[in-house]
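Here the structure comes first, spelled out in structure tokens, and everything after it is commentary.
Each residue takes its place number in the sequence, starting with 1. Please read these numbers as outputs of a predicted model, since none were measured by experiment. We use all heavy atoms of the structure for the numbers below, so side chains are in, but hydrogens, waters and symmetry mates are not.
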Amino acid sequence: MALLRHVPRHRERRPFPPDRLAVHPQLDRRRQPRNAHHVHRRNCCGPSSLAQVPGGDEGQNWYWFGDGTVEGNHLRVSLLEFAKTGDGPFDFAFKNTAIASFSLPSMTLEGITQRPAGAVEWGSAIYEDGGYTYVYGVEDLGATKYMHLARVRTNHLTSAPWQFWTGTGWSADETTSARIMDGVSNEFSVTKFQGKYTLVTGDTSEILSAKVVMYRSDSLTGPFTNKTLLYTTPETSGNVFTYNAKAHPELGNRNTLLVTYNVNSFDTNDVYANVDNYRPRYIDVAVTISRH
């Protein structure tokens, strides 16, 4: 596998104050009613309310967005619910997975569908294929993170029973869900690229790794092999770390992957001193298929 170039793209997200949003930057709930998670969209003059997502106590529980998919006139977005466990910005724990449904094109919130409680954070990546919606998730044990996989009939993400990959087949019992592999981040991408199912992720087999890596498979269930280094993030140093890399092949071409990743710091002063430490990155990675 030959990697030809890495071209940074324009960085366009504005920073938010890190002492307020270091853990959950997607949500801004100041001045909002208690017991409501507030989802925002950005316009020319700043954020505006998209919907109130019921549940939780202000400052104690919140949703983190996962991947999403469109079903007819509905946008389904996976939500990961977290709860505060202490006073530090990173003192939080996963509680449960839910699915938010928005009507299209108005983007009006239709409701929240709760998933049964379990250990897997579902919605790290979603892929539509062959009559099914495949939902990847992560079993996060801290230093070690395992990939899991579920599926549901296409256009029935919130209404049909889910099935879980056991390693040899599909089961309705989530507790039989198999660990497909470790080394993935909490968010990643699985897409079809150059004729292969392609996993792009931050390399969590190393603590606070700066590596963005790619794996290939002939099946959505894996095994994902041929680990290939795509990029080493230059921002990673000291308290600054990078995370949740993923690919967007629909924005590239057959030989180029657009890859994005996030930047943050364990020290909020780093973000105030340099706003680039809280902005995402966009890079183009040119990939050629080895003939060997």
Side-chain angles (χ1 to χ4, degrees), residues 1-6 66-67 69 78 120-130 132-151 164-170 177-233 236 241-262 281-292:
M1 188 78 64
L3 305 179
L4 303 181
R5 68 179 184 275
H6 309 96
D67 203 358
T69 189
S78 55
V120 177
E121 302 173 13
W122 296 107
S124 301
I126 294 178
Y127 188 75
E128 307 280 353
D129 188 74
Y132 285 96
T133 298
Y134 290 86
V135 183
Y136 289 88
V138 168
E139 179 188 356
D140 187 349
L141 302 181
T144 304
K145 304 177 192 293
Y146 294 100
M147 174 198 286
H148 288 250
L149 177 61
R151 73 177 186 180
F164 305 90
W165 179 247
T166 66
T168 57
W170 297 95
S177 178
R179 294 171 172 175
I180 296 175
M181 62 180 291
D182 61 2
V184 295
S185 55
N186 291 79
E187 296 178 23
F188 50 84
S189 62
V190 177
T191 55
K192 202 68 171 290
F193 179 65
Q194 296 177 339
K196 296 279 189 179
Y197 295 107
T198 301
L199 163 65
V200 172
T201 181
D203 187 0
T204 62
S205 65
E206 302 175 355
I207 296 177
L208 297 178
S209 176
K211 295 177 181 177
V212 177
V213 294
M214 177 177 69
Y215 299 81
R216 303 284 205 165
S217 178
D218 292 323
S219 170
L220 285 164
T221 61
F224 290 91
T225 60
N226 191 24
K227 182 178 181 179
T228 303
L229 177 65
L230 291 182
Y231 189 64
T232 301
T233 59
T236 303
F241 60 94
T242 56
Y243 61 105
N244 287 351
K246 62 191 69 174
H248 310 270
E250 70 279 4
L251 300 178
N253 54 48
R254 176 166 173 78
N255 298 309
T256 304
L257 276 177
L258 169 63
V259 175
T260 61
Y261 61 92
N262 296 329
R281 304 298 196 267
Y282 303 77
I283 59 171
D284 288 317
V285 181
V287 182
T288 58
I289 301 175
S290 173
R291 298 187 182 276
H292 300 288

Taking it one step at a time, do Thr201 and Lys246 satisfy side chain to side chain contact (heavy atoms under 4.5 Å, CB included)?
-> CA-CA 6 Å; Thr201 181; Lys246 62 191 69 174; over 6 Å; no
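- One distance of note links OG1 of Thr204 with NZ of Lys145; it measures 6.5 Å at 0.5 Å rounding.
- Side-chain contact between Asp129 and Tyr134 is present, with at least one heavy-atom pair separated by less than 4.5 Å.
- Contacts of Lys227 classified as salt bridge (Lys or Arg N to Asp or Glu O under 4.0 Å), with partners at least two apart in sequence or in another chain: Asp203.
- With sequence neighbours excluded, the residues that form a side-chain hydrogen bond (donor to acceptor under 3.5 Å, both in side chains) with Tyr261 are Glu235.
- A donor-acceptor contact under 3.5 angstrom links the side chains of Asp140 and Asn186, judged on distance only.
- In plain terms, the two heavy atoms of Leu220 and Tyr127 that are nearest each other are CD2-CD2, 3.7 Å.
- In this structure, the side chains of Val213 and Leu230 stay at 4.5 Å or more apart for every pair of heavy atoms.
- Atom CE of Met147 and atom CE of Met181 lie 5.5 Å apart (nearest 0.5 Å).
- Side chains of Met214 and Val285 form no contact here, defined as non-hydrogen atoms less than 4.5 Å apart.
- Nearest approach of Glu206 to Ser209, heavy atoms of both residues: OE1-OG, 3.3 Å.
- In this structure, Glu250 has no salt bridge (Lys or Arg N to Asp or Glu O under 4.0 Å) partners at least two apart in sequence or on a different chain.
- With rounding to the nearest 0.5 angstrom, the OG1 atom of Thr256 is 7.0 Å from the CZ atom of Phe193.
- Shown here is Ile207, whose CD1 atom has no more than 12 heavy atoms of other residues, nucleotides or ligands within 6.0 Å.
- The backbone N or O of Glu187 sits nowhere less than 3.5 Å from a side-chain atom of Ser124 that would complete a donor-acceptor pair.
- When side chains are defined from C-beta on, Phe164 does not count as touching Leu149, because their heavy atoms never get closer than 4.5 Å.
- For the residue pair Thr133 / Glu128, a side-chain donor-acceptor distance below 3.5 Å is found, with atom types taken as modelled.
- Residues Ser217 and Ser219 have side chains that never bring a donor and an acceptor to within less than 3.5 angstrom of each other.
- With contacts defined as side-chain heavy-atom distances shorter than 4.5 Å, the pair Tyr146/Ser177 does not qualify.
- Residues passing the ring-ring contact (aromatic ring centres under 6.0 Å, His included) test with Phe241, sequence neighbours excluded: Tyr243, Phe266.
- Considering only residues two or more places apart in sequence or on other chains, Asp218 meets the side-chain hydrogen bond (donor to acceptor under 3.5 Å, both in side chains) condition with Lys196.
- In summary, of the residues considered (Val200, Val138, Asn244), a side-chain contact (heavy atoms from CB on, under 4.5 Å) with Ser185 occurs for Asn244 alone.
- Summarising the geometry of Ala125 relative to Ser189, their closest heavy-atom pair is CB-CA, 4.1 Å, with the distance given to 0.1 Å.
- Going from atom OH of Tyr231 over to atom CD1 of Ile283 covers 5.0 Å, rounded to the nearest 0.5 Å.
- Side-chain contact between Glu139 and Thr144: absent, with no pair of heavy atoms (C-beta onward) separated by less than 4.5 Å.
- Side-chain atoms of Val259 and Val212, non-hydrogen and from C-beta on, do get closer than 4.5 Å to each other.
- By the 4.5 Å heavy-atom criterion applied to side chains, Tyr197 and Arg216 are not counted as neighbours.
- Here the CG atom belonging to Asn262 is positioned 10.0 Å from the CZ atom belonging to Arg281, to the nearest 0.5 angstrom.
- Here Phe224 pairs with nothing under the ring-ring contact (aromatic ring centres under 6.0 Å, His included) rule; sequence neighbours left out.
- Considering OG1 of Thr221 and CZ of Arg151, their distance stands at 10.0 Å, rounded to 0.5 Å.
- With 3.5 Å as the limit, one finds a donor-acceptor pair spanning the side chains of His248 and Thr260.
- Counted by atom type alone, Thr191 and Thr198 present zero donor-acceptor pairs between their side chains at under 3.5 Å.
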